[in-house]
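See below for the structure under consideration.
Every chain is numbered from 1, with letters handed out A, B, ... down the list of sequences.
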Amino acid sequence: MKEDLMEIICCPLDKHDLDLEVTERDDGEILSGQLTCTECSETFPIEDGIPNLLPPDMRDEAPA
Amino acid sequence: MKEDLMEIICCPLDKHDLDLEVTERDDGEILSGQLTCTECSETFPIEDGIPNLLPPDMRDEAPA
Amino acid sequence: MSVREEFDAWAAEGKDRGMEDRHWHTAKHVLARMPVEPGDTVLDLGTGSGYALRALRDTNDAGPCYGLDGSPEMLRNARDYTDDDGIGFLRGDFDALPFATDSIDHVFSMEAFYYASDPPHTLEEITRVLRPGGTAHIAVNYYEENVHSHEWQDFIDIEMTRWSGPEYREAFREAGLAVAAQDTIPDREVEIPPADAFPTDEFETREAMVKRYRELGTLLTVGVATE
Amino acid sequence: MSVREEFDAWAAEGKDRGMEDRHWHTAKHVLARMPVEPGDTVLDLGTGSGYALRALRDTNDAGPCYGLDGSPEMLRNARDYTDDDGIGFLRGDFDALPFATDSIDHVFSMEAFYYASDPPHTLEEITRVLRPGGTAHIAVNYYEENVHSHEWQDFIDIEMTRWSGPEYREAFREAGLAVAAQDTIPDREVEIPPADAFPTDEFETREAMVKRYRELGTLLTVGVATE
Ligand SMILES: Nc1ncnc2c1ncn2[C@@H]1O[C@H](CSCC[C@H](N)C(=O)O)[C@@H](O)[C@H]1O
Ligand SMILES: Nc1ncnc2c1ncn2[C@@H]1O[C@H](CSCC[C@H](N)C(=O)O)[C@@H](O)[C@H]1O
């Protein structure tokens with residue numbers, strides 16, 4: 001994801017702003033990291049350049 | 001024109017309500033008469049069942 | 001020449017029915033898109049023969065339908081073509097609509113809008129008469145991208161407004177109408193003669209006629225009154 | 001089966017590109033109607049291969065375009081199909097949109113809306129994220145009037161919502177979207193074999209296939225956020 005996505009995304013649960021923590025960057029693109037809700041503190045992972053903003057109870061991390 | 005047209009039409013100039021004066025009626029249809037603006041008192045004719053709500057300065061009564 | 005003189009003459013020559021036949025090819029698709037619910041009030045600006053209102057009454061069970069036109073001969077004919085009590089006609093001008101604020105659910109207009117003497121003001125009038133959430137479906141064959149329509153101005157004394165698609169969108173927004181959609185609706189029905197019939201009076205080549213009808217067609221801009 | 005499991009499998013089998021090819025026949029007409037101005041922000045719900053966003057960037061010079069999908073495999077592919085910096089993908093669910101209120105100019109969705117687990121709530125979410133005057137173009141091939149689509153539910157474990165045209169209009173309005181237009185867009189491109197090829201796996205008769213594609217096609221409902 002590009003950093004300017006931060007301007008428009010929000011927590012899927014309470015719609016508050018998110019904080020960004022970058023683990024890996026490549027050429028302006030954020031490849032991995034974490035998003036944290038400034039209100040409810042829920043965290044959302046960024047993996048392979050794609051933020052996962054599913055509500056946590058919908059995450060099905062077991063491979064299909 | 002049908003009388004219920006009165007519910008929706010207004011003076012084309014100042015958009016105020018109109019008063020209806022019927023000269024000729026046929027089977028629920030108003031064939032001729034006059035509409036008068038309750039605000040500016042401008043009058044608008046009903047002829048052959050059709051109200052003429054053109055702004056008066058656009059009336060070109062000479063036949064084409 | 002006034003709108004009255006020009007269009008009274010057209011109506012007397014039967015051009016009202018001729019337009020109905022030709023415009024129907026694309027107008028019916030516009031009408032089919034309109035979200036007219038049973039009982040909704042519809043206003044047709046420049047109603048001509050009044051076909052649009054007859055169709056919406058038949059297919060959508062529309063409520064009171066009003067056809068406004070500047071030509072008494074057009075209106076006389078339109079009135080003769082229907083005996084539906086739910087359809088009423090009145091004479092008026094696009095720039096001074098004689099309808100109360102927020103009184104209309106849907107405005108339709110086919111091949112008429114560009115005759116308005118002050119089109120931005122006509123759009124403001126449309127916004128005024130529409131209730132919040134009401135729609136305007138304005139369809140024209142005379143527009144900038146349709147180069148084949150440009151010469152129409154030569155045949156008529158009333159000054160015509162030739163906007164492009166983006167200019168229609170911009171003008172809608174200026175007048176307070178949110179633009180919901182815009183596209184061109186091709187005329188798939190007009191008969192296009194074989195190549196050796198060209199040039200005709202109207203088209204140099206068959207390709208030009210195909211482009212005019214099958215590709216360009218009618219420009220439809222859909223607006224929604226947002227307050 | 002979850003959205004993830006179902007659609008990850010589709011993406012792995014290349015069905016994302018297959019859908020792009022088939023849906024393009026009617027989706028391109030939906031995209032052509034959208035009043036997307038240069039710089040406008042667009043959200044594609046259930047983006048699949050992401051083709052809609054690529055098209056809007058190319059043709060309308062759209063601003064930032066976001067594709068949301070529940071399937072990581074779909075998103076991985078979609079991300080691979082473009083290197084346009086103006087297009088971003090994210091994983092999320094239709095019922096909990098991770099976008100700020102009033103942040104989007106246009107929402108597009110093709111053949112995806114009916115997978116939402118709570119479609120009325122998804123429409124509320126769409127209304128929330130759209131700025132006032134923003135548009136929603138929701139297109140589906142699976143809908144009540146399209147009887148040929150009814151059996152699709154048998155092939156998929158996710159519960160699908162099968163509304164009629166009037167039900168879509170009603171639900172839009174309930175959620176605060178003014179309905180600007182609705183119609184069905186025929187697929188004029190899918191090849192229909194000669195009569196003696198029928199019955200096929202899908203259609204008893206040639207007439208049935210003609211009706212499914214040339215007549216019914218894709219149901220498009222266009223909404224506008226009014227506040
Ligand atoms: N300024 C104006 N005010 C009211 N009506 C006008 C007008 N300018 C043109 N018209 C009317 O608009 C119509 C245009 S012809 C189109 C008629 C019809 N909608 C159809 O599709 O066939 C004519 O009937 C003409 O009288
Ligand atoms: N509840 C949900 N939330 C997010 N995405 C969903 C979803 N239900 C289905 N989807 C996604 O919606 C897509 C439907 S397939 C259609 C893809 C694309 N719009 C096209 O026209 O080809 C799939 O990619 C699927 O993963």
Where on [X] is there a heavy atom nearer than 4.5 Å to chain B: the side chain, the backbone, both, or neither?
X	value
C:Asp85	both
C:Arg79	side chain
C:Thr41	side chain
C:Glu73	neither

Distance from [X] atom [atom1] to [Y] atom [atom2], nearest 0.5 Å?
X	Y	atom1	atom2	result
C:Arg4	B:Met58	CZ	CE	12.0 Å
C:Leu90	B:Asn52	CG	CG	9.0 Å
C:Asp93	B:Asp57	CG	CG	9.0 Å
B:Ile8	C:Leu43	CD1	CG	8.0 Å

Step through the shown structure and confirm whether more than 12 heavy atoms of other residues, nucleotides or ligands are within 6.0 Å of [atom1] on [X].
X	atom1	result
C:Glu227	CD	no
C:Asp83	CG	no
C:Asp201	CG	no

| query | After noting the C-alpha distance and the side-chain angles of C:Glu125 and B:Lys15, does the key distance pass the side-chain contact (heavy atoms from CB on, under 4.5 Å) rule? | reply | CA-CA 11 Å; C:Glu125 278 286 83; B:Lys15 317 300 180 189; 2.6 Å; yes
| query | Can you name the nearest heavy-atom pair linking C:Phe89 to B:Ile50, along with the distance? | reply |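 So the minimum-distance heavy-atom pair works out to O-CG2, 4.0 Å.
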| field | Shortest non-hydrogen contact from B:Cys10 toward C:Leu97 | value |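 So the minimum-distance heavy-atom pair works out to SG-O, 4.4 Å.
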| request: Counting only heavy atoms closer than 4.5 Å, note whether B:Glu29 contacts chain C via side chain, backbone, both or neither. | output: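 Answer is side chain: those atoms of B:Glu29 sit under 4.5 Å from chain C.
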| Part of B:Pro55 within contact of chain C (heavy atom distance under 4.5 Å) |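 For B:Pro55, the side chain is the part near chain C, not the backbone.
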